[in-house]
Number of protein chains: 2
Amino acid sequence: MSSKLSKTHNLAWRKFLVAHVMLIEQIEQDLAQAELPPLSWYDVLFALSEAPEQRLRLHELAEAVLLSRSNLTRLLDRLEAAGLIQREQCSSDRRGAFAVITNEGFKMLDQMWSVYGQAIEKYFACHLDANEVKFFIKILNRLTRATSTKSESY
Amino acid sequence: MSSKLSKTHNLAWRKFLVAHVMLIEQIEQDLAQAELPPLSWYDVLFALSEAPEQRLRLHELAEAVLLSRSNLTRLLDRLEAAGLIQREQCSSDRRGAFAVITNEGFKMLDQMWSVYGQAIEKYFACHLDANEVKFFIKILNRLTRATSTKSESY
DNA sequence: CTATAGTAGTTGCAACTGCAACTATCTCAT
DNA sequence: ATGAGATAGTTGCAGTTGCAACTACTATAG
């Protein structure tokens, strides 16, 4: 019953969606053109490279990458097949496994970043000055925090 | 050579991505919980409902919905099977077809909007006051305009 | 202990996606 | 007219996704 969504807010939402697809499409295209794997690979490699000991439990990784688990399983299969990560048994929990980034993985991470980083600059960052970017972050923080609770719809 | 992406801009980009997945996930969940079809259906129905005569050529629709054509073909198959749209031959171009929204389609559009609209309000709009939303739109416009030139469907 | 519930990760399946190849039609310079 | 090239939409295929069911193990209650 609350609703009463303003025209302007509605417009903002549509533009948000459009901006997202266009940017992602463009970036994926840049990566593909450089014969590099898709963004999802980057996300995994990046998360692992930042993690202590370059390794994460699979469920932690899934969380970090915002991916369902079944999805992550098969994404890791591909990365493992490409030699970019390895699975390692967890000694303290025999169900569990770590994903560990390999040297090859680090190399790929660098290669991808050289394209990805430039793309972010080219399509995104260069359009936001120092004040704007802070404002932008402030807003996005609010949006994510509100949703992060995973609250029921009440 | 230009690059030199600032930490802050990089952060903004990540938050943009995270905000997007979280919002979409949440909204899709709300729709699913109400036993309604996914957002992509809404987009098609909405575009058609706004169009003159409630119909669009398929390629116009694909453009409006930011979907590849092959994708749209099959999305429309599903919508047609569900009775929400119909295909109609184009008299002036025998290759072409229109998608037309049916009465059932309009009904579904309303049902979906009652959930979707509330969700936008609840997860997005309510976090932005009048000034902020304008600013947000201004930024998004810049981002899309910069990218828009290149996203032709080959 | 042992039963019960919970968690970690994988797998089967059906749906959805993008790309490239295909058919059919239209456009236009010759 | 006519043949080269563009455009409209569909289809085949291989890759990717989400969901639910499954195996294996852990944690907890009695």
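Each chain gets a letter, A, B and so on, in the order the sequences are listed, and its residues count up from 1.
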Problem - Short N-O contact, A:Glu63 and A:Arg69, less than 4.0 angstrom - result: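 Between A:Arg69 and A:Glu63 there is no salt bridge, as every charged N stays at least 4.0 Å from the carboxylate O atoms.
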Handout entry: B:Glu60/B:Arg57 ion pair, N-O < 4.0 Å
Key =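 No, B:Glu60 and B:Arg57 are not salt-bridged.
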Exercise for the section: May I ask you to say what A:Ser68 touches in the nucleic acid, namely base, sugar-phosphate or nothing, with a heavy-atom cut-off under 4.0 Å? Expected result: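 If one applies the 4.0 Å heavy-atom cut-off, A:Ser68 turns out to touch the sugar-phosphate alone, with no base involved.
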Exercise for the section: Have a look at A:Arg74 and say if it touches a base, only the backbone sugar-phosphate, or nothing, with a 4.0 Å heavy-atom cut-off. Expected result: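 Since a base atom lies under 4.0 Å of A:Arg74, the category is base.
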Practice task
Could you run through DNA chain D and flag its stems, i.e. three or more consecutive Watson-Crick or G-U pairs with both distances under 3.5 Å?
Solution key: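 The stems are C:1-30 with D:1-30.
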Exercise for the section: Supply the atom-to-atom distance A:Leu128 CG to A:Phe124 CZ, rounded to the nearest 0.5 angstrom. Expected result: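 The CZ atom of A:Phe124 is 5.0 Å from CG of A:Leu128, to the nearest 0.5 Å.
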Practice task
Would you list the pairs meeting ring-ring contact (aromatic ring centres under 6.0 Å, His included) in which at least one residue belongs to residues 43-71 of chain B, sequence neighbours left out?
Solution key: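 Of all non-adjacent pairs touching residues 43-71 of chain B, those that pass ring-ring contact (aromatic ring centres under 6.0 Å, His included) are B:Tyr42-B:Phe46.
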Practice task
Return the set of residues passing ring pair (Phe, Tyr, Trp, His ring centres under 6.0 Å) with A:His9 (not counting sequence neighbours), or none when no residue passes.
Solution key: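 A:His9 satisfies ring pair (Phe, Tyr, Trp, His ring centres under 6.0 Å) with no residue once adjacent residues are dropped.
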Exercise for the section: Under the side-chain contact (heavy atoms from CB on, under 4.5 Å) rule, collect the residues that match up with A:Ala119, sequence neighbours excluded. Expected result: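 A:Ala119: side-chain contact (heavy atoms from CB on, under 4.5 Å) contacts with A:Ile27, A:Asp30, A:Tyr123.
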Handout entry: Within residues 87-94 of chain A: residues closer than 4.0 Å to DNA chain D (heavy atoms)
Key =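 Hits under 4.0 Å, by residue number: A:Asp93, A:Arg94.
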Problem - Range on DNA chain D touched by chain A - first to last nucleotide, heavy-atom distance under 4.0 Å - result: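 So the outermost contacting nucleotides come out as D:dT16 to D:dT26.
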Practice task
State whether the number of non-hydrogen atoms from other residues, nucleotides or ligands found under 6.0 Å of A:Asp129 atom CG is greater than 12.
Solution key: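 Enclosed: over 12 neighbouring heavy atoms sit under 6.0 Å from CG of A:Asp129.
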Exercise for the section: Would you please confirm or rule out a distance under 4.0 Å between OP1 or OP2 of C:dT7 and any side-chain N or O of A:His59? Expected result: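 Checking C:dT7 against A:His59, no side-chain N or O comes under 4.0 Å of OP1 or OP2.
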